[in-house]
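Read the numbers this way: they start at 1 and go in the same order the structure lists the ligands and their atoms. All heavy atoms count here, side chains included; hydrogens, waters and symmetry mates do not.
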Amino acid sequence: MNTEILPIDKDSLSRSARIIKSGGAVAFPTETVYGLGANAFDDGAVKKIFEIKGRPNDNPLIVHVHKNYDLSSLVSFIPDYAKALAEKFLPGPLTMVYRSENKVSPAVSCGLNTLAVRIPSHEGAQRFLEYVNLPIAAPSANVSKHVSPVTAQHVFDDLNGKIELILDGGKCSGGIESTVLDCTGDTPIVLRSGLITREMIASVAGKCGQYVMKEGDRVPSPGMKYKHYSPKCRTALFDFGDSDKAFKYYKECLAEGLKAYIMCDSGVAGRYHIENLLDLGENEEQIARNLYDKLREGENLADIIIAVAPQKQDGIMAGVMNRLKKACG
Ligand code: TXA
Ligand code: MG
């Protein structure tokens, strides 16, 4: 199969609709990462997504809809706090898990009685979702366990030959996956951290829990039990306070003849002389936006990526740390 990257216009949208309606998969941009979408009503199409990615079949998918889609047709109960959160943060990088009406293919939620729904804010994503006017089941458009894609080229690098069409909407502005929030109980619970932080959610909902996986737990967000976001080269992760040690290790690796690269924020980078630098940028938004891009750039250049964690660990950085630990920990 020939994989084409096309800008989002009338022609590519109508082609994407044809592919989706005939049971195929299309990659599309969102404000977080690129998604690999299929018609959520179509059992065969949803199963194809798992095959293309090599994704374990107990890791459920998020359904994406446009901003005017009637959610009540898909989910059975929307608590008041969820309505307030939707009002405040949607469209945007927040996925909400509801009790399902069981209208979409059971393969979407891997047999769970809940459904994760997301309304992305990316203009190209909205145009695609409006054009097809169907709920689109979409995981990130990478091969399972690899770093999520934030450009059309990243999708191509992983899925060339496996899908027909990649809609190109530029580099994703957010850079890490959406916050996944359990909205099935009395209080919302963050299952996966992201750009909409627990603090932001609590400021609207009054309270917000944070799920922490414990030994022997039933896993409410099954994705969390899998290894994720890994670059193809070796990695090492140092705490912010250990940046001297990271630099020393970098020098040792170079002396051994390894192509070593340091990935850190601009502040840390400025304190050392680093020839092989993967600069994450100056502030939190930039660090989130650049994380996957730099991991993918790094894996193509380096034998080992030596990452230094950001100083802050809360807010958006909670999401960044979660990804960084899974990628480099
Ligand atoms: O930003 C994003 O969310 C991107 C873009 C494409 O929208 N999508 C994405 O999908 O990250 P994926 O498949 O890579 O991650 C989906 C996460 C997984 O951790 C999965 O376990 C969780 O959402 N999830 C999906 N359905 C769920 C459900 N019914 N209950 C709990 N967790 C669920
Ligand atoms: Mg993913």
Query - Candidate pair Leu237 and Lys325, rule side-chain contact (heavy atoms from CB on, under 4.5 Å), full reasoning - result: CA-CA 7 Å; Leu237 176 60; Lys325 278 185 190 152; 4.0 Å; yes

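Short contacts between ligand 1 and Ser178, defined as distances under 4.0 Å to a heavy atom of the residue, involve ligand atoms 1 (O), 2 (C), 3 (O). Distances below 4.0 Å separate heavy atoms of Pro139 from the following atoms of ligand 1: 10 (O), 12 (P), 13 (O). Near His64, meaning under 4.0 Å from any of its heavy atoms, are these atoms of ligand 1: 5 (C), 6 (C), 7 (O). Remark: ligand 1 atoms within the under-4.0 Å shell around heavy atoms of Glu177 are 1 (O), 2 (C), 11 (O). Close contacts of ligand 1 with Leu61, meaning ligand atoms under 4.0 Å from a residue heavy atom, involve 25 (C), 26 (N). Taking every non-hydrogen atom of Gly35 and a distance limit under 4.0 Å, the qualifying atoms of ligand 1 come out as 6 (C).
For the Mg ion (ligand 2), the N/O/S atoms of Ser144 include none lying under 2.8 Å.
We find that Lys162 and Glu51 are not joined by a salt bridge, their nearest charged nitrogen and carboxylate oxygen being 4.0 Å or further apart. Between Glu275 and Lys251, at least one side-chain N (NZ, or NE/NH1/NH2) sits under 4.0 Å from a carboxylate O, which counts as a salt bridge. Using a 4.0 Å cut-off between charged nitrogen and carboxylate oxygen, Arg296 and Asp158 count as a salt-bridge pair.
Ring geometry for His64 versus Phe28: interplanar angle over 60°, hence perpendicular rather than tilted (30 to 60°).
Taking any N or O of Asn59, backbone or side chain, at least one lies under 3.5 Å from an N or O belonging to ligand 1.
At a 4.0 Å heavy-atom cut-off, ligand 1 touches Leu191 through the side chain alone. In Lys53, neither the side chain nor the backbone holds a heavy atom less than 4.0 Å from any atom of ligand 1. Of the heavy atoms in Thr114, both backbone and side-chain atoms come closer than 4.0 Å to ligand 1.
No donor-acceptor distance shorter than 3.5 angstrom exists from the side chain of Asp242 to the backbone of Phe238, with no hydrogens or angles considered.
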